[in-house]
Amino acid sequence: MVFYFIFLGLLLVLWLLFVYNLNLTIMFSLDSLIIKIFKIPFIRLKGDKFKKFLVKFVPTSTKQMQEEIDLSNLLSLIHYDVIELKLVISVTDYSRLVLINGFVSLIHSVLLNVIDDYVSKYTYLVEKGKDNNLEGIIKCNFNIGVILFNYLIIKGRYRYEKMEKRISFQSNT
């Protein structure tokens, strides 16, 4: 009887990892990030915490850059349902307005064909507000097991390369 419940538990875990599509909502602006799973805020970053979080994504070496490029390929395993971008414009802060407008224009010119192919609903709004800001909502779903499996393969490959270099360095000395 114990083996039966262990087997059912194992099947439930495998179903959650490889069959169930996890729904995720990402809300961002230029100064905050909120990630919701099952409509419950899972990660909430604002102010200095958000800036420190963004600094972690800046690569410090070419090896780290190559690894980040490989890991960015995992984004192709995510299915995007809704992308809503809202540009809030204030004429008083002109330098920030030019920066944000240039950034959004770059996104549209480079990625518009890709967005049309892979996103079910894409909206872009321009509104008048107190400050210049770029706000966005992304709703997506994915199989966590597939992404986790591919992540472990990529990390294992780089760990194996580090181990090979360490062994070859020790044998040369």
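Here the structure is a predicted model, which is why all the values come from computation and not from measurement. Throughout, numbering of the chain's residues begins at 1 and tracks the sequence.
Residues satisfying the side chain to side chain contact (heavy atoms under 4.5 Å, CB included) test with Q66, not counting sequence neighbours, are K63, Y158. Checked against side chain to side chain donor-acceptor pair (under 3.5 Å), S32 has the following partners two or more places apart in sequence or in another chain: S29. When the side chain to side chain contact (heavy atoms under 4.5 Å, CB included) test is applied to L17, the partners found at least two apart in sequence or on another chain are V13, I144. Every residue two or more places apart in sequence or in another chain was checked for a salt bridge (charged side-chain N to carboxylate O under 4.0 Å, His left out) with D81, and none qualifies. Contacts of Y124 classified as ring-ring contact (aromatic ring centres under 6.0 Å, His included), with partners at least two apart in sequence or in another chain: H108.
Connection of L16 to I6 is not established within any shared hydrophobic cluster, with ILVMFWY side chains joined at heavy-atom distances below 4.5 Å, either directly or through further cluster members.
Using a 4.5 Å heavy-atom cutoff, the side chains of L22 and N141 are not in contact. Residues I35 and L24 are in side-chain contact: their nearest non-hydrogen atoms beyond the backbone lie under 4.5 Å apart.
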Could you please spell out the steps behind the side-chain contact (heavy atoms from CB on, under 4.5 Å) verdict for I138 and F28? CA-CA 9 Å; I138 300 172; F28 65 91; 3.9 Å; yes
Between F7 and V2, is a side-chain contact (heavy atoms from CB on, under 4.5 Å) present by the stated rule, with each step listed? CA-CA 9 Å; F7 180 71; V2 173; over 6 Å; no
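The number of heavy atoms from other shown groups lying within 6.0 Å of CZ (F18) is above 12. Remark: Y20 OH is packed, more than 12 non-hydrogen atoms of other residues, nucleotides or ligands lying under 6.0 Å away. In the displayed structure, Y151 atom OH is contacted under 6.0 Å by at most 12 heavy atoms of other residues, nucleotides or ligands.
Under the 6.0 Å cut-off for aromatic ring centres, F53 and F57 qualify, their centroids lying closer than that.
Taking every heavy atom of both residues into account, L33 and F50 meet most closely at CB-CE1, 3.5 Å.
Among pairs with a residue in residues 41-62, those fulfilling side-chain hydrogen bond (donor to acceptor under 3.5 Å, both in side chains) read T60-Q64, at least two apart in sequence or across chains.
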